[in-house]
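Just so we're on the same page: letters track the sequence lines, and every chain starts at 1.
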Amino acid sequence: MTTRVRFAPSPTGSLHLGSARTALFNWLFARSVSGEFLIRIEDTDAERSRPELIDQVFATLDWLGLDWDNRGDEPRQSQRAELYRAAVERLLAAGAAYACDCERSAVDERNAAAGRPPGYDGHCRDRDLSVGPDTVVRFATPDTGSVDIDDVVRGRVSFDCVNLEDFVIARSDGSVTFLLANAIDDAEMGITHVMRGEDLLNSTPKALLLRRALDGGEPPIFAHLPLIVGEGRKKLSKRRDDVAVENYRDAGYLPEGMVNYLALLGWGPKDGVEVRPTAEIIEQFSLEAINPSPAGFDPKKLAHVNAEKLRALDPEELLARSEPFLAAAPWGADDFDRDVFLAMAPEVQSRVKTLAEVPDMVDFLFLPQPLMDEGSVAKAITNNELAVPLLGAAIERFGSVEWTAEALHAATLELGEAHGVKLGKAQAPIRVAVTGRTVGPPLFEALELLGRATTIDRLRRALPPAAG
RNA sequence: GCCCCCAUCGUCUAGCGGCCUAGGACACCACCCUCUCAAGGUGGCGGCACGGGUUCGAAUCCCGUUGGGGGUGCCA
């Protein structure tokens with residue numbers, strides 16, 4: 001039997017980091033065993049589901065590079081209502097489910113009055129109500145016995161049936177809930193392994209009970225993934241944390257950076273090599289190596305992994321990936337010179353952690369005039385008594401020096417010596433005059449690319465009027 | 001409240017009874033390299049939650065405690 005896994009998002013929001021990690025692990029597992037990775041849309045809740053979000057989820061999975069094997073034919077639970085409804089009828093007919101017209105508040109009151117813990121009390125089990133617009137359908141869980149799950153990452157987990165309340169499988173409007181649709185579809189799609197977040201562990205015995213009641217056959221193997229937690233060791237939340245994968249894309253993270261980092265949350269390669277090509281991660285991946293404890297999301301490490309991926313790109317690739325960010329840069333399209341960019345690319349790569357930082361690293365090369373950073377100007381020019389003489393000397397010297405990074409480097413060194421300072425001090429005012437900042441890529445390479453005329457023009461402009 | 005899960009440096013992890021005076025990575029600190037800033041190199045800081053067992057031997061196995069988290073919906 002071929003291994004078959006699924007990722008079953010609910011289109012109620014943009015793709016969440018936790019969901020992306022779940023999708024990734026399913027995908028990694030499927031690819032590592034030459035199995036199938038399928039997608040199913042769990043939109044049984046008409047109130048919350050936003051159909052337009054489905055394409056967004058697909059787009060994000062595409063961006064991450066998680067290809068699925070039923071593309072274009074992803075089951076949508078909202079379109080399978082009849083199938084589910086038939087299952088509800090069967091359960092009803094078999095006496096495995098019953099109608100219930102209890103209001104939540106009534107249940108709570110009864111529990112409070114009787115001193116019982118919260119949860120449905122089975123009030124309607126034997127009332128023999130008929131199903132109608134004012135009733136839900138509940139599944140009658142066994143009163144005794146237990147449901148055991150042999151979870152790949154957690155070992156055997158046992159649930160006593162007495163603690164399993166009679167849960168709702170069909171709403172009063174006739175639609176079915178996730179538990180039922182999920183159990184039916186996993187059986188029907190021939191899913192062999194179910195990998196999902198640990199927050200679903202408690203619902204697993206219910207799914208198993210349903211599957212059994214519906215003669216769904218051998219249950220899948222379960223693997224409940226550790227939750228990804230945020231700052232306070234709590235489940236990542238939309239309020240506190242930046243959880244939308246799209247946000248990371250827009251912030252300049254590489255998909256392979258996200259994939260690599262996410263793969264490290266709850267799993268680690270045996271050989272300890274953390275940052276590596278996705279193909280290798282697939283090779284190394286194994287279900288048994290997933291660890292059960294919650295994993296904290298660390299933006300700093302994500303950034304580091306991303307930076308490593310960025311450095312691994314060749315210049316052409318960097319340019320291509322940077323395109324969206326360069327398009328939003330402050331210079332005109334005509335001012336951009338791809339050859340200049342490509343020449344500077346290696347220096348840019350070792351200095352940025354995200355694509356979003358790329359434009360700022362090269363803007364002075366394409367802008368008619370550099371963006372002058374106030375603090376930098378003050379520090380290196382205004383409040384630097386050596387700035388004027390140094391700049392003046394540079395204007396003089398750069399007029400005739402051979403225009404190569406090497407010669408410019410040597411010339412600036414000599415300029416510094418003549419004024420009693422080392423190269424570090426000597427290049428500072430020149431750097432600010434030409435690039436607008438005290439920090440940036442290597443100066444002399446940049447000057448070479450910029451050309452003699454532009455460089456000298458910028459040096460002149462940096463000189464105070466009186467001195468100029 | 002009840003049910004379930006988890007527990008190695010701040011964080012991600014290696015470790016699956018002796019190779020552990022616990023290894024790596026991120027972050028942090030120092031030094032080196034150096035035209036700034038990075039990158040890179042070297043070194044440093046820092047951890048098996050606690051208490052009982054089991055065993056010749058426990059980070060590793062068992063029990064308990066404590067702590068954390070998740071679930072407890074006509075959400076998924």
Asks: Leu310(A) has an atom CG; how far is it from atom P of G40(B), in whole Å?
Replies: 13 Å
Asks: Would you indicate which nucleotide in A7(B), C12(B), A38(B) comes nearest to any side-chain atom of Arg351(A)?
Replies: A38(B)
Asks: I'd like the C1' distance from A27(B) over to C12(B), given in whole Å.
Replies: 11 Å
Asks: At 4.0 Å (heavy atoms only), tell me whether Glu288(A) reaches a base, stays on the sugar-phosphate, or touches nothing.
Replies: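 No contact.
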Asks: Just by protein heavy atoms under 4.0 Å, how would nucleotides 65-76 of chain B read 5' to 3' in B, S and -?
Replies: ----BBSSBBSB
Asks: In whole Å, what separates the P atom of U54(B) from that of U60(B)?
Replies: 15 Å
Asks: Just by distance, do the side chain of Asn306(A) and the backbone of Leu254(A) share a donor-acceptor pair under 3.5 Å?
Replies: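 Yes, Asn306(A) side chain to Leu254(A) backbone: donor-acceptor pair under 3.5 Å.
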Asks: Output yes when a side-chain donor or acceptor of Arg50(A) lies under 3.5 Å from a complementary backbone atom of Pro11(A), and no otherwise.
Replies: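 Pair absent, no side-chain N/O of Arg50(A) close to backbone of Pro11(A).
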Asks: Is the backbone N or O of Gln77(A) less than 3.5 Å from a side-chain atom of Asp43(A), with the two atoms forming a donor-acceptor pair by type?
Replies: yes
Asks: With a 4.0 Å cutoff (strictly under), does any side-chain N or O of Arg311(A) reach OP1 or OP2 of G40(B)?
Replies: yes
Asks: Please work out if His304(A) contacts a base, only the sugar-phosphate, or nothing of the nucleic acid, heavy-atom cut-off 4.0 Å.
Replies: sugar-phosphate
Asks: Should Asp271(A) and Arg276(A) count as an ion pair when the cut-off is N to O under 4.0 Å?
Replies: yes
Asks: Less than 3.5 Å apart, any donor N or O on the side chain of Asp101(A) or Thr135(A) sitting next to an acceptor on the other?
Replies: no
Asks: If I pick the P atom on A59(B) and the same atom on C50(B), what distance separates them, to the nearest angstrom?
Replies: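 Result for the P pair: 11 Å, nearest Å.
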Asks: P atom, C32(B) versus U21(B): distance in rounded Å?
Replies: 34 Å
Asks: For U8(B), does OP1 or OP2 lie under 4.0 Å from any side-chain N or O of Asn291(A)?
Replies: no
Asks: Any strand is fair game: report the nucleotide pairing with C26(B) by Watson-Crick or G-U wobble, both distances under 3.5 Å, or none.
Replies: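 Base-paired to G10(B).
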Asks: Using the C1' atom in both, what is the distance from A25(B) to G46(B), to the nearest Å?
Replies: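 Here A25(B) and G46(B) have their C1' atoms 14 Å from each other.
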Asks: What's the closest nucleotide to the Lys301(A) side chain, out of C6(B), A27(B), C12(B)?
Replies: C12(B)
Asks: Could one point to a donor on the side chain of Arg154(A) or the base of C5(B) with an acceptor on the other under 3.5 Å away?
Replies: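 Absent.
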Asks: Any strand is fair game: report the nucleotide pairing with G1(B) by Watson-Crick or G-U wobble, both distances under 3.5 Å, or none.
Replies: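 Pair assignment: G1(B) / U72(B).
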Asks: Ignoring hydrogens and geometry, is there a side-chain-to-backbone donor-acceptor pair from Thr60(A) to Gln56(A) under 3.5 Å?
Replies: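 It does hold such a pair.
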Asks: With P as the reference atom in both, quote the distance from C33(B) to G47(B) in angstrom, rounded to an integer.
Replies: 32 Å
Asks: Under 4.0 Å between any heavy atoms, over every strand shown, what does Tyr261(A) touch: base, sugar-phosphate, or nothing? Just pick one.
Replies: nothing
Asks: Would you please classify the geometry between the Phe25(A) ring and the Phe285(A) ring as parallel, tilted or perpendicular, with 30° and 60° separating the classes?
Replies: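 Because their plane-to-plane angle is over 60°, the rings of Phe285(A) and Phe25(A) count as perpendicular.
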Asks: With rounding to the closest Å, how many angstrom separate the C1' atoms on G15(B) and G68(B)?
Replies: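 Pairwise C1' distance, G15(B) against G68(B), rounds to 23 Å.
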Asks: What distance, rounded to whole Å, do you find between the two C1' atoms, one in G67(B) and one in C74(B)?
Replies: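 Nearest-Å result for G67(B) against C74(B) at atom C1': 36 Å.
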Asks: Scan side-chain atoms only and decide if Asp128(A) and Tyr98(A) contain a donor-acceptor pair under the 3.5 Å cut-off.
Replies: no
Asks: Could you check which of G24(B), U13(B), C2(B) has an atom nearest any side-chain atom of Glu274(A)?
Replies: G24(B)
